[in-house]
Amino acid sequence: MNSQQGNVTQFTGKAVPIYGDDIDTDRIVPARFLKEVTFEKMGEYLFRDSRFDESNQPKTHPLNEIRFIDASIMIVNRNFGCGSSREHAPQSIKRAGFKALIGESFSEIFRSNCTALGVPIVTGTAAQIREFQQIVERDPKIIFIIDLAAQQILIENRTIPIQIAPTVRESFLTGMWDIVGLLNQNKNHVMKVERALDY
């Protein structure tokens, strides 16, 4: 799981390719799992119907492959996370151990939900994403370094520029993504405001 707090400038890890455009939040976490009272088990439901059949037997899917078992970065295609605004989708991604996503494009709400959980979304061109997916297919042990400050990815001794929404970049560089952490750091001020309220 992603356990960073405060300001973050880099994410490092192995990657797994997830193929397909327009992968919506219902595919990421099927609707029947939304009845869970907490998010604790959401990592178990990640791409559940894409990964397992009705008899709970594994299907062919990158997340079922041993070679990608240590991956902490997803490389996805166009319009990932579209559909409903359910927070369960980014919760499942984080709780399954993923620290960041690289893709061609993402749903705006999905990106915001991921940011609030400390999972950054960065984008590249369709050609760049295809190349990244091909690289990890050839060598799943390859390490990606996502540099949010420099807006680039370091891989195979190459530096490749990527895009990250200015507000998302700023929130990680300043630590503003970590709302709980900010509240704890400013506990005295929070309590002072609370005492001044009329209700």
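Index from 1, following the sequence.
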I need the [X] [atom1] to [Y] [atom2] distance, nearest 0.5 Å.
X: Thr9; Y: Phe172; atom1: OG1; atom2: CZ; value: 11.5 Å
X: Arg158; Y: Glu131; atom1: CZ; atom2: CD; value: 4.5 Å
X: Phe52; Y: His61; atom1: CZ; atom2: NE2; value: 10.0 Å
X: Ile28; Y: Cys82; atom1: CD1; atom2: SG; value: 8.0 Å
X: Lys41; Y: Ser92; atom1: NZ; atom2: OG; value: 14.0 Å
X: Asp49; Y: Phe33; atom1: CG; atom2: CZ; value: 6.5 Å

Side chains of [X] and [Y]: closer than 4.5 Å at any heavy-atom pair?
X: Met74; Y: Leu46; answer: yes
X: Arg130; Y: Thr125; answer: no
X: Val29; Y: Arg48; answer: no
X: Asp26; Y: Ser84; answer: no
X: Phe68; Y: Glu137; answer: yes
X: Asn79; Y: Asp21; answer: no
X: Val16; Y: Glu65; answer: no
X: Ile18; Y: Leu63; answer: yes

For [X] and [Y], work out which heavy atoms get closest and say how close.
X: Cys114; Y: Pro90; value: SG-CB, 3.5 Å
X: Ala165; Y: Arg111; value: CB-NH1, 3.4 Å
X: Val76; Y: Ile129; value: O-CG2, 3.1 Å
X: Val122; Y: Phe106; value: O-CE1, 3.7 Å
X: Thr115; Y: Ser171; value: CG2-OG, 3.5 Å
X: Ile93; Y: Phe80; value: CD1-CE2, 4.1 Å

I'd like to know if the side chain of [X] and the backbone of [Y] have a donor-acceptor N/O pair within less than 3.5 Å.
X: Thr25; Y: Ala89; answer: no
X: Gln133; Y: Ile75; answer: yes
X: Lys99; Y: Thr12; answer: yes
X: Asp70; Y: Lys14; answer: no
X: Lys59; Y: Asn64; answer: no

Go through the steps to decide whether Ile160 and Phe132 satisfy the test side chain to side chain contact (heavy atoms under 4.5 Å, CB included), and finish with yes or no. CA-CA 10 Å; Ile160 300 172; Phe132 292 156; 3.5 Å; yes
Test Gln152 against every option in Asp147, Ile145, Ile146 by the side chain to side chain contact (heavy atoms under 4.5 Å, CB included) rule and name the one that passes.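 Among Asp147, Ile145, Ile146, the one that satisfies the side chain to side chain contact (heavy atoms under 4.5 Å, CB included) with Gln152 is Asp147.
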Parallel, tilted or perpendicular for His88 and Phe39, by the 30°/60° rule?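 It falls in the perpendicular class, over 60°.
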If you group Ile, Leu, Val, Met, Phe, Trp and Tyr by side-chain heavy-atom gaps below 4.5 Å, do Ile162 and Phe11 land in one group?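 Cluster IDs for Ile162 and Phe11 match.
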Are Asn113 and Lys94 close enough, and set up right, to give a side chain to side chain contact (heavy atoms under 4.5 Å, CB included), and what steps lead you there? CA-CA 11 Å; Asn113 285 338; Lys94 175 179 178 177; over 6 Å; no
Atom CD of Glu40 with >12 non-hydrogen neighbours under 6.0 angstrom: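 Counting neighbours around CD of Glu40, 12 or fewer heavy atoms of other residues, nucleotides or ligands fall under 6.0 Å, so no.
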For atom CD1 of Ile109, is the number of surrounding heavy atoms from other residues, nucleotides or ligands below 6.0 Å larger than 12?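 Open: at most 12 neighbouring heavy atoms sit under 6.0 Å from CD1 of Ile109.
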If you apply the rule side chain to side chain contact (heavy atoms under 4.5 Å, CB included), what do you find for Ile121 with Val168, and how did you get there? CA-CA 8 Å; Ile121 299 290; Val168 173; 5.8 Å; no
